[in-house]
Amino acid sequence: MSTPNIVVAFGGLSPEHEVSVLSAMQAISALEDTEYTIIPLYISKSGRWLTGNVLLDLENYQDLDDLTDRATACTFAHDDLGKAVLLETEKKGFFSSPKQHSIHAVIPAFHGSEGENGAFQGACEMYNIPYAGSGVFASSLGMDKVKAKELCRAHEIPVVDGFDFYEQQWADYQPSLTEEARLLGYPLIIKPVTLGSSIGVSRADNEEQLIEAVESSFRFDNNLMVEKAVTPLMEINCSVLGSPENMQHSVCERPLGKEETLSFEDKYQSDGSGEKGMASADRIIPADIPDELSGQIQSLSQKIFATFRASGVARLDFLVDADTYDVYFNEINTIPGSFSFYLWKESAINMRELMLELIKIARQQHRKKMGRIRTYETNLLSEKAVKGIKGLKGTKQDS
Ligand SMILES: Nc1ncnc2c1ncn2[C@@H]1O[C@H](COP(=O)(O)OP(=O)(O)O)[C@@H](O)[C@H]1O
Ligand SMILES: [Mg+2]
């Protein structure tokens with residue numbers, strides 16, 4: 001009997017495309033020599049779905065055009081029995097019919113955009129495929145910084161004050177928006193509502209810098225938010241693993257940036273190679289903060305994970321006022337860089353165990369969903385039932 005297939009899905013139309021490749025390669029190498037066969041599903045920068053062994057080696061990503069030529073186009077499909085498969089849609093080699101692979105579970109390893117915002121998760125739902133990590137709801141909410149904060153406020157989770165606006169509103173009402181910013185009080189942080197990795201995030205100490213920052217951030221998103229800068233700032237992150245019903249938290253980490261605002265370079269290019277992804281960024285683990293503060297952040301992390309109905313592994317990021325130790329929730333990453341594996345070492349969970357746990361949770365969640373009644377045997381459109389409904393073509397009662 002063949003071993004179960006795990007599809008690791010990554011890439012995608014996202015500024016964090018390369019970071020996703022790194023997270024996927026880490027997941028793939030962690031699952032080597034396990035009971036699973038790994039099938040890569042790489043979404044190219046132009047949106048093509050590709051598979052093939054050529055995608056399993058990081059070396060091959062240096063020339064993306066060559067890589068996409070050598071890989072094989074694929075898609076989700078149903079086999080003859082109606083079960084979801086990964087279907088190769090072009091013929092490579094000597095196979096007479098397109099190859100199809102059964103799917104035990106998918107591990108989405110995307111960062112940003114459609115891979116992390118619930119769109120890809122929705123495709124898995126439509127095909128009834130078990131998948132790791134958060135579902136459609138938590139994924140899309142986690143990607144919208146404004147709506148995420150609104151939900152937090154409703155649950156008394158502390159967040160920084162701020163407001164948001166669209167590009168058209170900025171064009172029409174710039175003076176009143178800059179006045180709102182002044183009332184909020186400088187320094188302020190300007191950021192795109194739906195991006196990640198610090199792309200388009202900047203700080204303004206006065207109105208001139210605000211206008212410059214807003215105009216530059218609109219290159220990345222049609223919706224921006226302006227919020228009070230926490231200063232002096234200490235950033236603390238914590239990971240949660242499980243489901244809203246049964247979860248555990250990791251130790252806290254304190255990521256270190258060269259500047260006060262962590263940039264894309266700080267996060268991924270600190271050793272010049274970028275090869276290790278998030279794990280290579282400078283960080284202190286466990287965070288060098290009082291136990292009481294760690295405990296507060298850890299229990300908030302679990303509360304937020306459950307509030308968002310997250311699943312699998314997530315990383316919760318906090319902004320802490322370094323003078324007062326006031327804690328503000330900043331964002332939830334439903335597919336954290338490198339799956340936050342480095343935060344789980346202290347809990348004696350290594351990358352392989354973390355991946356196996358994600359597969360287990362994915363299968364459990366899927367089984368739970370399948371165990372519920374989702375359709376009725378009775379066909380409401382059977383002739384007898386439809387006859388009573390007026391106004392439908394072909395159901396005229398007097399004919
Ligand atoms: N309100 C704030 N006060 C101070 N620094 C902030 C604030 N919001 C964001 N930052 C800084 O900007 C970085 C990126 O912002 P974040 O909201 O995490 O967006 P992203 O999704 O791009 O990571 C944070 O890691 C932090 O360094
Ligand atoms: Mg962040």
Side-chain angles (χ1 to χ4, degrees), residues 2-10 19-41 56 58 103-111 115-116 121 124 129-135 138-139 237-253 255 275-281 283-287 294 297-299 301-302 304-306 310-317 332-368:
S2 60
T3 55
N5 292 327
I6 298 295
V7 172
V8 177
F10 59 102
V19 187
S20 159
V21 173
L22 297 177
S23 288
M25 292 304 129
Q26 288 174 313
I28 288 169
S29 74
L31 287 168
E32 255 170 34
D33 306 321
T34 59
E35 58 177 305
Y36 299 115
T37 301
I38 303 303
I39 300 189
L41 165 54
L56 293 172
L58 185 59
I103 304 173
H104 185 70
V106 173
I107 300 180
F110 299 100
H111 300 307
E116 196 178 352
Q121 288 73 11
C124 294
I129 301 168
Y131 61 96
S134 287
S139 302
N237 304 336
C238 177
S239 182
V240 175
L241 174 64
S243 68
E245 294 166 283
N246 180 19
M247 60 189 145
Q248 55 179 318
H249 61 71
S250 72
V251 292
C252 292
E253 68 166 330
E275 279 202 5
K276 291 181 190 141
M278 278 301 284
S280 71
R283 57 191 67 254
I284 297 175
I285 304 171
S294 296
I297 289 173
Q298 286 164 331
S299 70
S301 295
Q302 293 203 171
I304 297 163
F305 188 91
S311 184
V313 70
R315 199 190 71 229
L316 297 299
D317 294 357
I332 179 168
N333 296 284
T334 51
I335 308 182
S338 303
F339 296 92
S340 290
F341 81 91
Y342 50 89
L343 282 174
W344 291 99
K345 279 185 196 152
E346 301 275 330
S347 316
I349 298 173
N350 65 28
M351 178 71 172
R352 169 169 310 182
E353 286 156 348
L354 181 63
M355 290 299 122
L356 295 176
E357 185 64 20
L358 289 183
I359 294 167
K360 196 173 107 192
I361 299 167
R363 299 276 305 176
Q364 266 168 2
Q365 300 283 80
H366 186 253
R367 257 199 313 276
K368 270 190 194 164

With heavy-atom distances below 4.5 Å as the criterion, would you say the side chains of Ile39 and Ile103 are in contact?
no
Can you tell me if Gln121 uses its side chain to pair, donor with acceptor, with the backbone of Ala132 under 3.5 Å?
no
Between SG of Cys252 and CZ of Arg283, what distance do you get to the nearest 0.5 Å?
13.0 Å
Side-chain touch Gln365/Lys368, heavy atoms, less than 4.5 angstrom
yes
I'd like to know if the side chain of His111 reaches the main chain of Glu116, judged simply by a donor and an acceptor atom lying under 3.5 Å from each other, with no hydrogens or angles considered.
no
Taking Ser239's backbone N and O only, do any of them form a donor-acceptor pair with Arg315's side chain (distance below 3.5 Å, no angle check)?
no
Decide whether Ser250 and Ser347 meet the rule of one side-chain donor and one side-chain acceptor closer than 3.5 Å.
no
Any side-chain heavy atom of Pro4 sitting closer than 4.5 Å to one from Ile6?
no
Any donor-acceptor pair under 3.5 Å from Arg352 side chain to Ser29 backbone
no
Find the distance between CE (Met25) and CZ (Phe10) and round it off to the nearest 0.5 Å.
4.0 Å
Sub-3.5 Å donor-acceptor pair from the side chain of Ser23 to the main-chain atoms of Gly337, do we have one?
no
Any chance you could measure Tyr131, atom OH, to Leu358, atom CG, to the nearest 0.5 Å?
13.5 Å
